[in-house]
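In the text below, chain A, chain B and the rest are named by the order of the sequence lines, each starting its count at 1.
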Number of protein chains: 2
Amino acid sequence: MAPKLRTVPRKRPVQDRSRATVDAILAAAAQVLVKDGFDRTSTNRVAEVAGVSIGSVYQYFPSKEALVGALVERHNEAMRAAVLAELQRVQVLPLEAAVRAVIELIVRAHAIEPALHRVLMEQVPRTGRLARVDQFAVELHAVIVRYLDAHRARLRVQDLDLAAFLAASAVEAMAHGAVIYQPHRLDDPAFLDEATAMVVRYLIA
Amino acid sequence: MAPKLRTVPRKRPVQDRSRATVDAILAAAAQVLVKDGFDRTSTNRVAEVAGVSIGSVYQYFPSKEALVGALVERHNEAMRAAVLAELQRVQVLPLEAAVRAVIELIVRAHAIEPALHRVLMEQVPRTGRLARVDQFAVELHAVIVRYLDAHRARLRVQDLDLAAFLAASAVEAMAHGAVIYQPHRLDDPAFLDEATAMVVRYLIA
DNA sequence: CCAAAATGCGAGCGTTCGCTCATATTCGCA
DNA sequence: TGCGAATATGAGCGAACGCTCGCATTTTGG
């Protein structure tokens with residue numbers, strides 16, 4: 001029988017001591033997750049690395065899924081905030097500059113904790129918490145469509161929904177691929193030039 | 001202690017009966033893998049679904065990793081053969097037609113067993129067998145560079161290595177994304193038109 | 001038809017895992 | 001200073017897992 005899945009946090013840390021414990025647990029979870037992958041990450045090992053007892057882990061996280069879910073949420077929220085803020089900022093820039101800025105940002109976002117990002121995106125089972133990731137994607141898509149619509153006059157593409165989907169997929173993949181498989185390209189300004197060129201030349205005539 | 005990893009097949013099936021057993025095991029493994037994900041796929045469950053004893057599984061696959069590895073190898077080989085053959089065939093076509101044909105093929109390759117493809121690509125731990133996947137990527141990259149070089153006269157891109165990487169990343173992502181998240185787009189001819197446009201407009205002036 | 005080889009079987013071993021709970025320690029506050 | 005609440009501990013439970021091994025059954029080839 002599968003272990004029952006509790007998703008509601010058991011207890012909220014109120015003293016500084018327990019907040020430090022929670023931070024240590026999350027940091028250790030990220031470290032073990034990156035090193036061993038999701039299914040070889042054991043809660044006992046996380047506790048050991050965090051320097052706390054296994055009991056303390058379960059004081060604040062009702063299950064392994066909830067523990068990893070908290071990491072997903074934290075990582076996702078950080079990316080969400082950074083990307084959406086930047087999109088707001090470049091809304092007024094001309095198209096080429098805006099595309100370049102967004103690509104640069106997305107590459108940088110991927111490059112911060114690439115290994116953790118990879119594990120969280122690829123290996124964590126799609127349960128509960130991960131709905132937020134999809135929601136982020138939907139939100140991002142909407143912002144892109146809105147931006148394209150505002151610049152519609154200069155665009156050659158007609159179906160903005162389709163264009164946003166294709167451009168977002170391409171950019172995400174180029175950033176992800178470069179960070180994971182071709183890190184040396186990140187220092188090459190030609191990479192950003194070319195990625196920008198692909199998107200811009202696709203969007204405008 | 002981690003279980004010892006044997007990677008050499010234990011026994012090769014020589015009679016029809018045992019070949020059928022092996023086929024049933026592989027089919028069941030694919031089915032369970034898609035339904036439950038890698039780490040929740042148990043060898044006992046695979047045996048049960050295949051309608052054979054757990055002992056029979058270990059007659060032909062020395063470990064769980066080897067079993068899944070066989071699936072990876074089979075899936076990868078099928079894609080490899082299809083894609084490389086098509087690339088050979090379109091080598092003589094003009095650029096736009098060639099790009100369109102390749103994108104169409106890659107989309108179709110993704111659409112055959114998308115769920116299995118996703119699990120095999122995302123969740124299977126990178127051990128031993130998966131080196132072949134990377135080798136396939138390297139091989140594919142080389143073919144693309146060669147093709148671009150043959151059409152160099154018409155291209156605006158200079159760094160063919162970079163262009164091949166970016167184009168391959170983008171195409172793979174658009175195909176993957178469409179199959180997994182936007183299956184309704186697969187029937188829309190505009191999808192293929194637009195994806196082709198992005199790559200072609202990037203490559204040529 | 002029969003012996004040897006190939007194949008199939010499944011109870012259960014040893015281990016790991018997620019997680020609980022009774023107990024101990026530390027903190028905030030009157 | 002003392003007392004209740006908050007926090008920390010870790011031995012160990014029950015379940016699930018990967019996998020072995022001794023034996024039963026089927027097929028092959030002479």
Options C:dT26, D:dC19, D:dT26, nucleotide nearest the side-chain atoms of B:Lys64: D:dC19

Earlier contact from the 5' end, DNA chain C, for B:Val52 and A:Asp16: B:Val52

Electrostatic pair A:Glu104:A:Arg100 at N-O distance under 4.0 angstrom: no

Value in whole Å for how far the C1' atom of D:dA11 lies from CG of A:Asn44: 11 Å

Nearest to side-chain heavy atoms of A:Ile54, which nucleotide of D:dA11, C:dC9, D:dT20: D:dA11

Phosphate contact (C:dT20 OP1 or OP2) by A:Tyr58 side-chain N/O below 4.0 Å: no

B:Arg17 vs B:Ser42, nearer the 5' end of DNA chain D by closest nucleotide: B:Ser42

Separation of atom CD in A:Gln15 from atom C1' in C:dC29, rounded to whole Å: 12 Å

Protein-nucleotide distance (A:Arg19, atom CZ; C:dT26, atom P), rounded to Å: 19 Å

Nucleotide nearest B:Thr43 (side chain, heavy atoms from C-beta), chosen from D:dA8, D:dC19, C:dT7: D:dC19

Comparing A:Gly55 and A:Thr41 on DNA chain C - which has the more 5′ nearest nucleotide: A:Thr41

Side chain of A:Tyr60 (C-beta onward), nearest among C:dC19, D:dT26, D:dA8: D:dA8

Proximal nucleotide (of D:dA6, D:dA8, D:dC19) relative to the A:Ser56 side chain: D:dA8

Nearest-Å distance for atom pair CG/P, residues A:Leu67 and C:dC17: 15 Å

Partner of A:Asp149 by side-chain hydrogen bond (donor to acceptor under 3.5 Å, both in side chains), out of A:Arg152, A:Arg146, A:His151: A:Arg152

Per A:Gln59 side chain, nearest of listed nucleotides C:dG12, C:dC19, D:dT9: D:dT9

Protein-nucleotide distance (B:Phe38, atom CZ; D:dC17, atom P), rounded to Å: 13 Å

Ionic contact status for B:Arg74 with B:Glu77, cut-off 4.0 Å: no

Smallest separation among heavy atoms of B:Phe191 and B:Ala178, with atom names: CZ-CB, 3.5 Å

Nearest-Å distance for atom pair CZ/P, residues A:Arg40 and D:dC17: 16 Å

Residue pair A:Leu71 / A:Leu26: nearest heavy atoms and the distance that separates them: CD2-O, 3.8 Å

Separation of C:dG18 C1' from A:Glu65 CD (nearest whole Å): 9 Å

Minimum-distance nucleotide to A:Ser53 side chain [options: D:dT7, D:dG10, D:dG18]: D:dG10

C:dG8 OP1/OP2 closer than 4.0 Å to side-chain N/O of B:Thr21: yes

Interatomic distance where CZ belongs to A:Arg45 and P belongs to D:dG10 [whole Å]: 16 Å

